[in-house]
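The block underneath contains the structure these notes are about, expressed in structure tokens.
Computed from a predicted model, the values in this text were never measured in an experiment. Throughout, a chain's letter reflects where its sequence line sits, starting with A, and its residues are numbered from 1.
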Protein chains: 2
Amino acid sequence: MTNTTLKLLAQQLQLSISTVSRALKDHPDISAATKAKVHALANSLDYEPNAYAIQLRTQSSKIFGVIVPAISNLFYDSFIAAVEEESRKNGYALMILQSSNQPEIELDNLKIFRQNRVSGVFACLSANAENLETYQKMTEKEIPVVFFDIVPKDNKFTKVRMADERCAIIAAEEIIKRNAKKVLAIFGDAGLSISQKRKNAFQNFMETYAPKVHCTYVNASSSAEAEALFRKQYDKTQKPDTVFAMTDEVLIGVMKAVQALEIKVPSQLGVIGISNGFIPNLYHPKISYVETSGYELGKLAFVQMMANMKGGKTLTELTVEVKFVPGESL
Amino acid sequence: MTNTTLKLLAQQLQLSISTVSRALKDHPDISAATKAKVHALANSLDYEPNAYAIQLRTQSSKIFGVIVPAISNLFYDSFIAAVEEESRKNGYALMILQSSNQPEIELDNLKIFRQNRVSGVFACLSANAENLETYQKMTEKEIPVVFFDIVPKDNKFTKVRMADERCAIIAAEEIIKRNAKKVLAIFGDAGLSISQKRKNAFQNFMETYAPKVHCTYVNASSSAEAEALFRKQYDKTQKPDTVFAMTDEVLIGVMKAVQALEIKVPSQLGVIGISNGFIPNLYHPKISYVETSGYELGKLAFVQMMANMKGGKTLTELTVEVKFVPGESL
DNA sequence: AATTTTATCGCAATCGTTTGAAATTTTTTT
DNA sequence: AAAAAAATTTCAAACGATTGCGATAAAATT
């Protein structure tokens, strides 16, 4: 079954290809009668314009590339969902690839994007990679790149991210409000800059505004590690009365221990996390958390992308607002 | 910054476009010396073949379309991850769109796929839609469609899905093994055929092999509803000793109630679910579940797609195996 | 030395669409 | 009725790559 083309329509209607093309897009040059005929035949023959031909001719694809470490991730998927939604509204489609945190795959994927001449790329750096050179080249070739979540330090790139420091500070505020005496703060992988930032902000705030509160700071790069760390700390005679989980991963680990040890929340232990809300609401009582919405971030990223495409370079770093969502765990 | 093209390379090297093209793909007609020169320049100029031109010329895109109700879904994201992985290995990229369970959006998305002349489509029907006509047209135009998870009844389509009945039966077997006396079985949305299937299979099995076990069957279309239903049942004097949760959503609701009521698992209540494993492992003790792997399904779907593309029509319905994963909740 | 092979390379059409400019037809103006 | 203006349609050149076939040059065969 061969596809319907402009040529075919033109032949059947005894018209030129250009007339058919213009008729299909309501060009004022074409008479109403002709337009009607063309549309009629196009419909009955299920004409679908060939996106490749268009893109080749117009040198602009209606496709954005998205690259994330993993699609199956509570945070990224809502980001992707938001970007997809906005893209669709604006006539764009999404090409989504995952790097699996492997630099080579990330490069492969970027190559695919370039070969498909995507109009722009939304990128979350893979943990290990430092291949900014490739991204640099893309922006030079007028392919805007909007980084999100895990972004390069270099500020010649456009980035959107959560207000990481604010997250940590809001959590610290709430902890202080609740009169915590002994806090266990568990952060993510020590290698990630986001962990550093949040830890510094948190620690700084606590030391400034509540110097008497005893805080223990640790890092966990997995759920299991977080669980083990928590158990170890909770084994001591001087048990923490409050625990702060920087990520969902950490929270999951903590809550496993909490359930296993049958610790009463919030009476024996206050719990607060940073999350998009899905995990905290899985438990009873609901865990209080500082909300970081991948969805909101996606919306923001899209706006940035559009701005980038129109008005030259907007080399800014935008952050999306965060807010405290009270549960019953603190 | 203009993109590097074959023409540009040809000009700079004083060669014809065809020679450059052939050199780049190691055509035997071209001398080693020429090949070397061409490759050298292509590298230094960051030549990337224009995918549109290739696809236009060769009439074949290296892109698959994927359409799901929502990307941010514990099940679909692992399916997508698997398909993406296989696609990348085979030189394909993925175009992913979500229907949000809205038929119009689903149609829009299919149009985008057609316009991009995707090589094939992986589709999960949106709950409400019955637009099989469009899918029918696609298969007629030689665009293979592989349905997954929520598939059409019509068996002229290629579909892969979980062994739904088997899931329910395995769960029933385990429940019987554990000598349950009173079972509360909570299924998903009554409108979905998958709920029907699982319910029928479960009920059938129980009545045949354990007629003395008292079973209560209910449907819940949300987490909150499942929680409410469970609480209501657990309020009775004759409490269930075992609960079966057909979906993660149901399980989440049940577990909220379990935590709130401080029910001891498994001593006071046995719990078993059907899941890909993420949610069941969030709790302590770990919930036992029948594993339905979106990942495995994705792999299977991909194999089917490739088969479909090569050897004409393979109108089969394949199911992926499921297995019981013991936790400590039953 | 003339002829045939073989190794290299170029020509030109093609994929389906867009678009400036020219050509044609129709309508309006003088 | 002739000329000018407006409306409608067509021509033809792109966009960037692929590929069958023909052309040229070098090597091998008589």
*Can you tell me how far P of dT8(C) sits from CG of Asp26(B), to the nearest Å?*
13 Å
*Pick base, sugar-phosphate or nothing for Leu15(B), based on heavy-atom distances below 4.0 Å to the nucleic acid.*
sugar-phosphate
*Is the shortest heavy-atom distance from the side chain of Glu296(B) to the side chain of Met162(B) under 4.5 Å?*
no
*Evaluate the ring planes of Phe302(A) and Phe122(A), with Trp represented by its six-membered ring, and classify them as parallel (under 30°), tilted (30 to 60°) or perpendicular (over 60°).*
parallel
*In whole Å, what is the span from the CD atom of Gln59(B) to the C1' atom of dC15(C)?*
5 Å
_Ignoring hydrogens and geometry beyond distance, is the side chain of Ser18(A) in donor-acceptor contact with the base of dC11(D) at under 3.5 Å?_
yes
_Any side-chain to backbone donor/acceptor pair from Lys111(A) onto Glu48(B)? Under 3.5 Å, distance only._
no
*Would you mind telling me which of Ser16(A), Pro49(A), Ser21(A), Ser18(A) makes a side-chain contact (heavy atoms from CB on, under 4.5 Å) with Leu6(A)?*
Ser21(A)
*Indicate yes or no for a side-chain donor-acceptor contact from Asn90(A) to the backbone of Tyr92(A) under 3.5 Å, with no hydrogens or angles considered.*
no
*Is it true that the side chains of Asp149(B) and Tyr76(B) contain a donor and an acceptor less than 3.5 Å apart?*
yes
*asked:* If I take atom CZ in residue Arg22(B) and atom C1' in nucleotide dA7(C), what distance separates them, rounded to the nearest angstrom?
replied: 13 Å
*Over how many whole Å does the gap from Gln11(B) atom CD to dA17(D) atom P extend?*
12 Å
*To the nearest Å, give me how far apart NZ (Lys7(A)) and P (dT10(D)) are.*
16 Å
*Between dC9(C) and Ser16(B), is there an OP1 or OP2 to side-chain N/O distance shorter than 4.0 Å?*
no
*Residues from residues 31-53 of chain B lying under 4.0 Å of DNA chain C - heavy atoms*: Ser31(B), Thr34(B)
*May I have the distance from Asn3(A) (atom CG) to dT14(C) (atom P), rounded to whole angstrom?*
19 Å
*Could you state the atom-to-atom distance from CD1 of Ile30(A) to P of dA6(D) in whole Å?*
19 Å
*Does a donor on one side chain sit under 3.5 Å from an acceptor on the other, for Ser100(A) and Glu85(B)?*
no
*Go through dC9(C), dT18(D), dG16(C) for me and flag the one nearest to the Thr19(B) side chain.*
dC9(C)
*Nearest-Å distance, CG (Asp29(B)) to C1' (dT6(C))?*
10 Å
